[in-house]
Amino acid sequence: MSAQGISDTPYAQRTRELIKLITQLRGVGAQADIDLPRIAVIGNQSAGKSSLVEALSGITVPRSSGTCTRCPMECRLTHTPDESWKCQVSLRIEYSDDNQRRLPDVREKKFGTVITDPSLLEDVLRRAQLAILNPTIDHGKFVDFDLSRIGSNPPLGSPKQLQFSRNVVCLDLSGPDVTDLSFIDLPGIISNVAPGEDRGNIDLIRNLVMDHIQGNCLILLTLTMRDDIENQSAAFLAKQVDPKGRRTIGVLTKPDTLQSGEEQMWLNVLEGRRHPLLHGYYMTKQPATKELSEKLSFEEARRREQEFFETTPIWANSTASNRLGTPNLTKNLSRLLSGLIDQTLPKLRLDATRSREVTKQLIAKLPPPMSDNPSAELLRMVTSFSLEFRNFSNGISDHASLIQKCKPAYEEFRLAIKNTAPDFRPYTQKEKKKYLDLTTRFKDPEDSSEDEDSEEEGEEHPDQSEEEREEDDIRSLDTGVRQKKKPMYVDEVKTYIHKSLTRELPFNVPFSAKEGLIREAMKEWEEHCMECFKVVREAVAEQLDTLVEKHFGRFSRTSLLDTRLIEKRQEEALNRIKWLMRLEHRPYTQNHHYLSSYRDQFLSKYRGERRKKNRMQETRPISPPLSTSSPTSFMPDLPFGNQLRNNMPSLPNLLRQPVPRRSNSSPVPQGQPERQPKQSLPPGYPQQPLYPQQSQQPQYAPAPNQAPEPNLDNLISQLAQAGFPVNSMGDLERLFASDPYEEVLVVMAEVRAYWQVAFKRIIDILPLTIDEDFLCGIAQDTQDMLMEGLHLSAFDANKQAAEFLAEDPEIVEERDQLMSKLSRVDDVFERLSRFKS
């Protein structure tokens with residue numbers, strides 16, 4: 001065989017270097033990461049593709065009935081003028097046994113030794129293809145396999161022989177008569193399968209071909225002249241990936257099979273008038289079936305090919321005579337391939353650089369592989385986890401998110417507790433209906449806003465029916481709005497007190513009554529405490545989940561870590577909260593100053609509201625027989641109230657009788673006015689001086705048109721004679737008490753004041769308890785509990801740690817794939833960097 005094409009041109013050395021570079025890159029699996037330039041030979045089954053490959057490479061490929069090529073075959077030809085012909089066959093395993101998954105580590109493995117006799121190559125290729133099609137059998141066992149043993153059953157006890165494979169048989173051919181060229185021969189496209197074969201092979205071959213002819217690929221399209229181009233599937237696939245025909249090179253085969261009159265149609269194709277392509281068409285004539293049986297040499301086959309084209313007038317006279325014959329095709333393929341490689345080198349370097357950086361980034365996102373000391377590694381991870389959660393529990397610098405999530409829960413708790421304040425009303429419900437301007441909401445002393453006179457949500461409207469109130473309750477449940485505390489009117493408080501009376505002395509309110517009112521106001525506190533804790537617990541659990549995933553997420557046994565950390569401290573915190581609630585069941589405080597201050601403030605509010613009600617009452621028409629502003633109207637429950645009320649018409653006359661000078665009074669010195677007794681009427685009585693200073697001499701009768709002066713002694717005497725328990729000024733003051741609810745107002749003020757003190761206490765102590773017993777408690781226990789739970793203190797700690805640190809197989813596989821890819825890409829990057837443009 002004489003060397004053809006660019007082997008004899010000035011570009012020979014450059015072409016050899018370019019093709020050698022791509023061959024080396026493909027040998028390390030670079031095609032999995034970057035799009036390497038290549039030539040792919042495709043064609044329909046029996047289109048003469050195998051003969052074309054033989055003509056291009058100068059070798060004999062395996063032939064059998066049906067499809068000859070069962071896997072891709074990559075031919076890498078190198079011209080070596082000073083060396084004899086030789087060939088090394090290798091296997092490149094790129095895919096798994098089922099042809100579905102690309103393997104992370106791609107390496108070519110030599111199949112047998114170097115071949116120096118071309119006649120032996122065909123059998124070696126048969127054995128290499130058998131090794132590819134039986135991936136479960138060691139490839140080395142097929143190197144010396146006896147081909148005569150091939151039968152209907154898979155060889156060497158293989159459980160199943162594949163009908164086709166994506167893995168590649170590689171041929172490195174060199175010699176003085178070999179042209180620098182590289183191409184991939186793909187299985188012929190089929191439309192039917194042999195009996196017993198899987199019809200899925202049709203799509204498998206089609207997909208295999210489509211994968212190879214994408215991107216930087218020159219498509220060597222083999223077209224038999226025995227069938228129209230439109231009927232050939234290979235032409236259809238080439239058109240799909242290269243619709244403008246810029247990468248496709250057409251090769252017309254079997255011109256000797258044309259019938260008379262058919263040549264003109266194919267001449268139009270050859271000369272570019274039909275189905276034009278950028279790189280045009282070539283025509284070759286390979287030995288016919290009869291000639292193959294003669295075992296023609298390569299040189300004789302090329303001589304007969306040249307003679308055929310020179311002696312056939314239509315081809316000899318063609319304007320495309322330079323496209324006839326295998327030597328012209330080989331020369332132009334070498335030129336086109338080297339040009340494609342040279343053109344894409346800058347992009348190959350850029351793609352390799354990008355692939356390298358992306359791979360490094362993906363590796364950086366994966367956790368590092370475990371060290372050789374599992375227990376030390378696990379202890380380091382536990383310590384790191386514990387320290388980070390402690391930072392979150394303390395709210396340090398950029399670890400403030402957990403505390404920030406807890407603060408709204410504490411504020412919501414404060415507002416919820418505030419809404420439980422006793423809503424005492426210093427008037428009866430009937431008075432509220434009668435006097436609409438009465439205050440309906442008494443604010444806390446610390447609130448800057450004023451007490452409210454308007455009705456609020458949850459307030460019962462005086463004119464609301466029972467059915468309307470029930471509808472409001474249902475509506476509040478549906479919307480989730482918390483109802484305000486139901487008001488308690490002064491007469492209801494009084495009734496509550498009366499129900500608590502046992503053996504108390506008069507004018508004594510039982511402590512049990514105050515204690516009951518306090519407990520009633522606090523009965524929802526535990527519920528609000530638990531709700532607050534629930535929110536904090538969820539925030540802590542979420543934070544622990546995040547940290548567990550961050551520090552231990554790649555391991556399969558991490559699901560119970562955060563649960564173990566929470567359970568212990570949760571139980572302690574809940575018990576402490578219940579303990580706090582038990583403390584609040586017994587009213588107690590040392591904060592006497594605030595209690596007294598709040599008591600006075602609320603009592604002032606309540607008394608002021610009573611006076612406000614009285615002023616409203618006095619402006620209304622007086623209803624006979626007794627004015628509502630009469631002092632006795634405030635004594636309906638005194639034991640002598642009715643008796644006093646019946647005798648009230650005579651009381652003004654008693655007050656107006658003259659008061660005689662006391663016989664036991666000391667004489668008044670001459671020139672000095674007589675000192676008057678410092679006595680006054682009780683609160684609620686019309687305020688006018690009992691002893692007005694008018695003159696030195698006492699007057700025993702009022703002047704004309706002047707009201708008689710009240711006689712206090714006479715009043716006490718007359719009341720005593722009438723049967724009232726009045727013997728002194730104190731008795732008189734009690735008799736004319738200003739408000740029958742005075743003692744009730746005091747109870748209301750004391751209960752409300754104590755609630756205020758307890759409120760200020762609980763809104764601080766609960767967050768502190770949760771923070772200390774739960775949040776900080778978990779942070780304190782984390783390292784010890786994890787070490788105990790992970791058995792880091794046990795005698796077999798290293799074994800236990802190794803079992804825990806067993807990585808997820810998917811992560812291990814992903815890391816291995818990326819590390820293999822990085823090694824491969826680094827190799828590609830170095831080779832491209834060293835290559836001189």
Side-chain angles (χ1 to χ4, degrees), residues 393 402-403 405-424 444 446 457-458 473 476-488 492-493 496 499-500 511-542 563 566-591 594-595 598 602 747-748 750-778:
S393 67
L402 178 57
I403 301 301
K405 290 179 181 179
C406 294
K407 288 182 68 176
Y410 297 146
E411 176 61 18
E412 181 66 23
F413 169 73
R414 185 187 71 83
L415 295 176
I417 296 297
K418 186 176 181 180
N419 282 336
T420 66
D423 186 10
F424 291 132
D444 293 345
E446 287 83 2
E457 184 180 0
D473 292 341
S476 67
L477 291 175
D478 292 339
T479 58
V481 176
R482 187 182 299 278
Q483 290 289 298
K484 293 288 185 180
K485 200 167 186 68
K486 182 179 179 181
M488 194 170 189
E492 295 175 336
V493 177
Y496 187 92
K499 290 181 179 180
S500 303
F511 181 72
S512 61
K514 300 177 184 179
E515 188 177 36
L517 290 171
I518 291 171
R519 287 183 179 178
E520 181 67 22
M522 296 179 178
K523 67 180 181 180
E524 299 177 2
W525 281 19
E526 183 168 344
E527 176 186 349
H528 296 313
C529 290
M530 295 303 178
E531 185 66 28
C532 178
F533 175 77
K534 179 181 177 182
V535 175
V536 175
R537 185 207 178 281
E538 290 175 356
V540 172
E542 181 180 353
T563 304
I566 286 178
E567 285 178 350
K568 175 186 174 184
R569 285 295 179 168
Q570 174 179 291
E571 183 178 358
E572 292 180 2
L574 291 175
N575 289 335
R576 182 61 61 91
I577 291 173
K578 293 177 181 178
W579 177 77
L580 286 176
M581 292 300 99
R582 290 197 299 272
L583 293 184
E584 292 297 342
H585 285 173
R586 295 187 297 274
Y588 178 80
T589 183
Q590 291 274 25
N591 199 347
Y594 279 117
L595 181 65
Y598 290 143
F602 280 110
V747 172
M748 290 163 51
E750 290 179 353
V751 170
R752 185 62 179 82
Y754 179 79
W755 183 95
Q756 193 70 25
V757 172
F759 162 74
K760 296 183 71 173
R761 179 171 61 209
I762 196 64
I763 62 173
D764 286 339
I765 196 65
L766 180 81
L768 287 172
T769 299
I770 294 176
D771 196 61
E772 175 63 24
D773 288 0
F774 185 64
L775 193 57
C776 295
I778 292 178

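- Applying the salt bridge (charged side-chain N to carboxylate O under 4.0 Å, His left out) rule to pairs touching residues 574-583 yields Arg576-Asp773, sequence neighbours excluded.
- Residues forming a side chain to side chain contact (heavy atoms under 4.5 Å, CB included) with Glu538 (at least two apart in sequence, or on another chain): Lys534.
- Qualifying side chain to side chain contact (heavy atoms under 4.5 Å, CB included) partners for Ala539, counting only residues two or more places apart in sequence or in other chains: Leu402, Lys405.
- In terms of heavy-atom proximity, Ala513 sits nearest to Tyr496 at O-CE2, 3.5 Å.
- When all heavy atoms of Cys529 and Ile577 are compared, the pair lying nearest together is CB-CG2, 3.7 Å.
- Residues that satisfy the side chain to side chain donor-acceptor pair (under 3.5 Å) test with Glu584, not counting sequence neighbours, are Arg761.
- Contacts of Glu520 classified as salt bridge (Lys or Arg N to Asp or Glu O under 4.0 Å), with partners at least two apart in sequence or in another chain: Lys523.
- Evaluation of the salt bridge (Lys or Arg N to Asp or Glu O under 4.0 Å) rule for Lys568 yields Asp781 as partners, not counting sequence neighbours.
- Residues passing the side chain to side chain donor-acceptor pair (under 3.5 Å) test with Glu411, sequence neighbours excluded: Arg414.
- Remark: Arg519 pairs with Glu515, His585 by the side chain to side chain contact (heavy atoms under 4.5 Å, CB included) rule, at least two apart or across chains.
- With sequence neighbours excluded, the residues satisfying salt bridge (Lys or Arg N to Asp or Glu O under 4.0 Å) with Glu572 are Arg569.
- Stacking of Lys760 on the aromatic ring of Tyr594 is recorded, both the 6.0 Å distance cut-off and the 45° axial limit being met.
- Applying the side chain to side chain contact (heavy atoms under 4.5 Å, CB included) test to Glu571 and every residue at least two apart in sequence or in another chain returns Asn575.
- Applying the ring-ring contact (aromatic ring centres under 6.0 Å, His included) criterion to Phe533, with sequence neighbours excluded, gives Phe774.
- Applying the side chain to side chain donor-acceptor pair (under 3.5 Å) rule to Trp525 yields the partners Thr420; only residues at least two apart in sequence or on another chain are considered.
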